Amino acid sequence: MSDRVPAFLEARRSIRAFLGKAVARDDLDAIVEAACIAPAPHHSRPWRFVVVDTDDAKDALATGMGAKWRADLLADGVDTARVDELVAASHRKLDRAPALVVGCLTWDGLDRYPDEPRRRAEWGMALLSLGAAVENLMLAAADRGLASCWVAAPIFCPAEARDALALPRDWLPHALVMVGYPDPAYVGRPRPPVPLDELRRFTT
Ligand SMILES: Cc1cc2nc3c(=O)[nH]c(=O)nc-3n(C[C@H](O)[C@H](O)[C@H](O)COP(=O)(O)O)c2cc1C
């Protein structure tokens, strides 16, 4: 990688296999605190974080999201045996992570507009801010020697994830990060070089 990328950014990778060791709640709090200093639209804090580190809660979340994924895959026409396999693998993945940090969005602090295009833009800003918060969280995890990996699932089933965790009605899960101590046997894909000339342009 280019030596122009700061080492602390380079150090974060998505790591999908963890040791069985629990993560102390103080460490989980510290990474959530880092998330909460992310930039957010007009001084709002439209995110809520739910730390899921008990077996029962992990199981409830995986079951709730899994039921929705199963229904979606079957509606797509995917073969039942394949659906069983995919949903079970996803459930196992979440169960095996020592902690899951679920990033939720709320309308609290956001501007309300009478029309749909601006409502969508406002929600989009909140989502961008949640992305920044999640990156902060993962960078803070890496800084503490913790492994993390973002899991997309809740954005496809916010209501099901919310209900599985018995969250307030206006806390809508949109992101999930698995957190734990890295399994040293895990080998991720090498990070591809950044083709800067394809990904950015300067104005003429
Ligand atoms: C919004 C988002 C959703 C993601 N969802 C998943 C996921 O569901 N499962 C997974 O294993 N990785 C997921 N990832 C991680 C990406 O695969 C990973 O960031 C990418 O491959 C680059 O690797 P790196 O994070 O190690 O640099 C997600 C990342 C983002 C930003």
Side-chain angles (χ1 to χ4, degrees), residues 1-19 31-32 34-35 38-40 46-50 52 58 61-73 76 78 82-83 85-105 123-158 160-162 164-165 172-196 198-200:
M1 187 62 55
S2 155
D3 58 9
R4 295 186 300 186
V5 174
F8 77 98
L9 293 178
E10 181 75 33
R12 184 212 56 80
R13 293 304 314 269
S14 295
I15 296 173
R16 299 169 175 82
F18 308 94
L19 299 178
I31 64 174
V32 171
W47 0 266
R48 301 290 180 269
F49 294 95
V50 183
V52 181
K58 277 190 271 178
L61 178 61
T63 302
M65 295 197 304
K68 173 71 167 103
W69 195 29
R70 170 181 299 280
D72 285 344
L73 288 170
D76 290 344
V78 179
R82 179 68 183 142
V83 171
E85 209 179 304
L86 288 169
V87 173
S90 163
H91 197 120
R92 268 196 310 277
K93 182 173 76 173
L94 297 181
D95 270 351
R96 284 182 187 159
L100 310 174
V101 180
V102 179
C104 308
L105 285 184
W123 192 248
M125 286 202 297
L127 259 176
L128 293 171
S129 175
L130 179 64
V134 170
E135 173 76 342
N136 271 10
L137 183 138
M138 295 190 300
L139 289 171
D143 187 54
R144 284 176 175 253
L146 291 166
S148 69
C149 184
W150 190 325
V151 173
I155 203 166
F156 293 102
C157 55
E160 287 79 2
R162 173 197 65 198
L165 294 172
L172 287 167
H174 277 72
L176 188 162
V177 184
M178 303 189 292
V179 180
Y181 288 93
D183 179 345
Y186 179 78
V187 182
R189 282 194 212 181
R191 179 175 264 149
V194 176
L196 201 54
E198 287 168 31
L199 300 181
R200 77 85 187 84

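Numbers here simply count residues along the sequence, with the first being 1. If you're wondering where the values come from, they're calculated on a predicted model, not measured in any experiment. We count ligands from 1, going down the list as the structure has it; atoms in each ligand are counted the same way.
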Could you tell me whether the side chain of R191 and the main chain of E10 form a donor-acceptor pair under 3.5 Å?
yes
Counting distance only, does the side-chain N/O of D183 pair as donor-acceptor with the main-chain N or O of A185 below 3.5 Å?
yes
Step through the shown structure and confirm whether more than 12 heavy atoms of other residues, nucleotides or ligands are within 6.0 Å of CZ on R200.
yes
Within a radius of less than 6.0 Å around CZ of F156, do more than 12 heavy atoms belonging to other residues, nucleotides or ligands occur?
no
Nearest-contact summary for [atom] - protein heavy atom, Å:
{"atom": "atom 8 (O) of ligand 1", "value": "A152 N, 3.0 Å"}
{"atom": "atom 25 (O) of ligand 1", "value": "S14 OG, 2.5 Å"}
{"atom": "atom 7 (C) of ligand 1", "value": "W150 O, 3.4 Å"}

Does C149 reach ligand 1, in the sense of a heavy atom lying below 4.0 Å from it?
yes
Counting each atom of ligand 1 from 1 as listed, which ones have a heavy atom of V151 under 4.0 Å away?
5 (N), 6 (C), 7 (C), 8 (O)
Find all atoms of ligand 1 within a distance of less than 4.0 Å from any non-hydrogen atom belonging to R191, and give their numbers and elements.
27 (O)
Any protein heavy atom under 4.0 Å from atom 20 (C) of ligand 1?
no
Could you go step by step and tell me if V102 and F49 meet the side chain to side chain contact (heavy atoms under 4.5 Å, CB included) rule?
CA-CA 6 Å; V102 179; F49 294 95; over 6 Å; no
Atom pair NE2/NZ of H91 and K58 - distance to nearest 0.5 Å:
10.0 Å
In terms of its nearest heavy atom to atom 16 (C) of ligand 1, the top option of R16, R12, M178 is R16
Does any N/O atom on A153 come nearer than 3.5 Å to any N/O atom on ligand 1?
no
Closest non-hydrogen contact found for P193 with P195 is O-CD, 3.3 Å
